[in-house]
Amino acid sequence: MNAIRLAAPTYPRTFGSGGVSASAGEIDQVLVANRPLQVETRKIWSLSSDTGRPSEKAVSSAIRTLGILFGKAVKLGSWSSPHITLSENNEIVFEWWNDHKKITLYFGDDEPEYIKVWGTDIDNEMDSGPLPGGWNLTALWLWLFP
(Lines give C-alpha, C1' and ligand atoms only; values in the text may rest on other atoms or scores of the structure.)
Protein backbone atom coordinates (compact mmCIF):
# COMPACT_ATOMS: atom_id res chain seq x y z
CA MET A 1 0.00 0.00 0.00
CA ASN A 2 1.33 3.41 -0.90
CA ALA A 3 1.00 5.74 2.04
CA ILE A 4 0.75 9.47 1.73
CA ARG A 5 2.21 11.32 4.70
CA LEU A 6 -0.04 14.05 5.97
CA ALA A 7 1.37 17.48 6.66
CA ALA A 8 1.63 18.29 10.36
CA PRO A 9 -0.83 21.24 10.23
CA THR A 10 -3.54 19.01 8.75
CA TYR A 11 -3.90 16.87 11.87
CA PRO A 12 -2.85 18.27 15.23
CA ARG A 13 -0.51 16.08 17.22
CA THR A 14 -1.70 17.59 20.48
CA PHE A 15 -5.03 18.68 21.88
CA GLY A 16 -6.44 20.34 24.94
CA SER A 17 -4.81 22.60 27.46
CA GLY A 18 -2.67 19.74 28.74
CA GLY A 19 -1.03 19.19 25.37
CA VAL A 20 -2.04 15.52 25.21
CA SER A 21 -0.41 13.81 22.27
CA ALA A 22 -0.18 10.53 20.44
CA SER A 23 3.09 9.33 18.97
CA ALA A 24 3.81 10.08 15.33
CA GLY A 25 3.84 6.32 14.65
CA GLU A 26 0.35 5.91 16.09
CA ILE A 27 -0.95 8.84 14.09
CA ASP A 28 0.65 7.51 10.90
CA GLN A 29 -0.80 4.05 11.51
CA VAL A 30 -4.33 5.34 11.91
CA LEU A 31 -4.41 8.34 9.58
CA VAL A 32 -2.17 7.20 6.77
CA ALA A 33 -2.29 3.42 6.63
CA ASN A 34 -5.99 3.33 7.57
CA ARG A 35 -7.39 6.46 5.95
CA PRO A 36 -11.03 5.54 6.71
CA LEU A 37 -10.27 6.17 10.40
CA GLN A 38 -9.65 9.90 9.97
CA VAL A 39 -13.13 10.84 11.22
CA GLU A 40 -12.84 8.59 14.27
CA THR A 41 -9.37 9.87 15.13
CA ARG A 42 -10.49 13.50 14.85
CA LYS A 43 -13.42 12.66 17.14
CA ILE A 44 -11.04 11.19 19.76
CA TRP A 45 -8.91 14.36 19.65
CA SER A 46 -11.94 16.63 19.99
CA LEU A 47 -13.49 14.93 23.05
CA SER A 48 -13.99 17.20 26.04
CA SER A 49 -16.53 17.84 28.75
CA ASP A 50 -17.18 20.29 31.56
CA THR A 51 -14.96 18.11 33.76
CA GLY A 52 -12.00 17.87 31.41
CA ARG A 53 -10.44 15.82 28.65
CA PRO A 54 -9.18 12.25 28.35
CA SER A 55 -5.65 11.52 29.51
CA GLU A 56 -2.69 11.02 27.17
CA LYS A 57 -2.71 7.32 28.03
CA ALA A 58 -6.41 7.05 27.15
CA VAL A 59 -5.92 8.80 23.79
CA SER A 60 -2.89 6.69 22.89
CA SER A 61 -4.60 3.43 23.89
CA ALA A 62 -7.82 4.30 22.04
CA ILE A 63 -5.99 5.26 18.82
CA ARG A 64 -3.80 2.14 18.95
CA THR A 65 -6.77 -0.18 19.61
CA LEU A 66 -8.86 1.49 16.91
CA GLY A 67 -6.10 0.87 14.34
CA ILE A 68 -5.62 -2.75 15.42
CA LEU A 69 -9.34 -3.49 15.45
CA PHE A 70 -9.82 -1.83 12.07
CA GLY A 71 -7.06 -3.98 10.57
CA LYS A 72 -8.56 -7.17 11.97
CA ALA A 73 -12.11 -6.24 10.91
CA VAL A 74 -11.04 -5.45 7.34
CA LYS A 75 -9.26 -8.81 7.10
CA LEU A 76 -12.51 -10.43 8.24
CA GLY A 77 -14.40 -8.51 5.55
CA SER A 78 -16.31 -5.97 7.62
CA TRP A 79 -15.88 -2.70 9.47
CA SER A 80 -18.37 -0.62 11.41
CA SER A 81 -17.26 2.67 12.94
CA PRO A 82 -17.84 2.91 16.68
CA HIS A 83 -19.96 5.52 18.39
CA ILE A 84 -17.27 7.54 20.22
CA THR A 85 -18.05 9.50 23.37
CA LEU A 86 -16.47 10.66 26.61
CA SER A 87 -17.70 9.21 29.91
CA GLU A 88 -18.35 11.26 33.03
CA ASN A 89 -14.92 10.04 34.23
CA ASN A 90 -13.24 11.39 31.06
CA GLU A 91 -12.75 7.90 29.64
CA ILE A 92 -12.93 7.47 25.87
CA VAL A 93 -15.85 5.16 25.05
CA PHE A 94 -16.31 3.11 21.85
CA GLU A 95 -19.70 1.43 21.29
CA TRP A 96 -20.96 -0.94 18.62
CA TRP A 97 -24.39 -2.55 18.28
CA ASN A 98 -25.64 -5.42 16.15
CA ASP A 99 -29.25 -6.42 16.79
CA HIS A 100 -29.44 -7.37 20.48
CA LYS A 101 -25.65 -7.50 20.94
CA LYS A 102 -23.54 -4.57 22.12
CA ILE A 103 -19.84 -4.08 22.82
CA THR A 104 -18.49 -1.12 24.76
CA LEU A 105 -14.78 -0.38 25.21
CA TYR A 106 -13.49 2.08 27.83
CA PHE A 107 -10.08 3.78 27.64
CA GLY A 108 -8.84 5.65 30.70
CA ASP A 109 -5.76 5.76 32.90
CA ASP A 110 -6.04 2.04 33.71
CA GLU A 111 -6.03 -0.87 31.28
CA PRO A 112 -8.83 -0.70 28.69
CA GLU A 113 -12.01 -2.53 29.68
CA TYR A 114 -14.84 -4.08 27.71
CA ILE A 115 -18.50 -4.86 28.30
CA LYS A 116 -20.37 -7.37 26.13
CA VAL A 117 -24.17 -7.29 26.34
CA TRP A 118 -26.61 -9.69 24.69
CA GLY A 119 -29.68 -9.17 26.92
CA THR A 120 -31.01 -7.39 29.98
CA ASP A 121 -30.01 -9.88 32.69
CA ILE A 122 -26.77 -8.48 34.14
CA ASP A 123 -25.87 -11.83 35.73
CA ASN A 124 -26.41 -14.06 32.70
CA GLU A 125 -26.40 -11.84 29.60
CA MET A 126 -23.45 -9.51 30.17
CA ASP A 127 -19.71 -9.99 30.44
CA SER A 128 -17.01 -7.50 31.32
CA GLY A 129 -13.34 -7.33 32.13
CA PRO A 130 -9.96 -5.90 31.22
CA LEU A 131 -8.96 -5.59 27.59
CA PRO A 132 -5.21 -6.18 27.85
CA GLY A 133 -2.93 -5.80 24.84
CA GLY A 134 -2.89 -9.53 24.19
CA TRP A 135 -6.67 -9.91 24.30
CA ASN A 136 -8.16 -11.45 21.20
CA LEU A 137 -9.95 -8.60 19.42
CA THR A 138 -10.80 -10.91 16.54
CA ALA A 139 -12.98 -13.06 18.82
CA LEU A 140 -14.72 -9.96 20.13
CA TRP A 141 -15.44 -8.71 16.61
CA LEU A 142 -16.66 -12.11 15.41
CA TRP A 143 -18.97 -12.36 18.42
CA LEU A 144 -20.62 -9.06 17.46
CA PHE A 145 -20.52 -9.48 13.68
CA PRO A 146 -20.60 -13.25 12.97
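What you see below is based on every heavy atom in this structure, not just the backbone, and it leaves out hydrogens, waters and symmetry mates. Since we're looking at a predicted model, the values are computed, not measured.
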Examine [X] and [Y] and state if one hydrophobic cluster contains both, with Ile, Leu, Val, Met, Phe, Trp and Tyr joined whenever side-chain heavy atoms are less than 4.5 Å apart.
X    : Y    : answer
W45  : I84  : yes
L76  : W97  : no
I68  : L66  : yes
W96  : W143 : yes
V117 : F145 : no

Point-to-point distance, once rounded to the nearest 0.5 Å, from [atom1] of [X] to [atom2] of [Y]:
X    : Y    : atom1 : atom2 : value
N89  : S55  : CG    : OG    : 11.5 Å
M126 : I115 : CE    : CD1   : 8.5 Å
E56  : D109 : CD    : CG    : 10.5 Å
L140 : K72  : CG    : NZ    : 11.5 Å

Derivation of the side-chain contact (heavy atoms from CB on, under 4.5 Å) call for T65 and L137:
CA-CA 9 Å; T65 302; L137 291 170; 4.2 Å; yes

Any donor-acceptor pair under 3.5 Å linking the side chain of [X] with the backbone of [Y]?
X    : Y    : answer
D99  : K101 : no
T41  : L37  : yes
E113 : Y106 : no
K116 : D127 : no
S61  : K57  : no

Side chain to side chain contact (heavy atoms under 4.5 Å, CB included) partners for S48, two or more places apart:
R53

Classify the side-chain pair R42/S46 by whether it contains a donor and acceptor separated by less than 3.5 Å.
no

Are S49 and N90 close enough that a side-chain donor and a side-chain acceptor fall under 3.5 Å?
yes

Heavy-atom pair of closest approach, residues L144 and N98
O-ND2, 2.7 Å

Closest approach of L86 to G52 (non-hydrogen atoms, all atoms of both residues)
CD2-O, 3.9 Å

Mind checking what makes salt bridge (Lys or Arg N to Asp or Glu O under 4.0 Å) contact with E95, not counting sequence neighbours?
K102

Would you indicate whether the side-chain heavy atoms of [Y] and [X] approach each other to under 4.5 Å?
X    : Y    : answer
P82  : I103 : no
E40  : F94  : no
P112 : L105 : no

If the condition is ring-ring contact (aromatic ring centres under 6.0 Å, His included), which residues does W79 pass it with, not counting sequence neighbours?
F70, W141

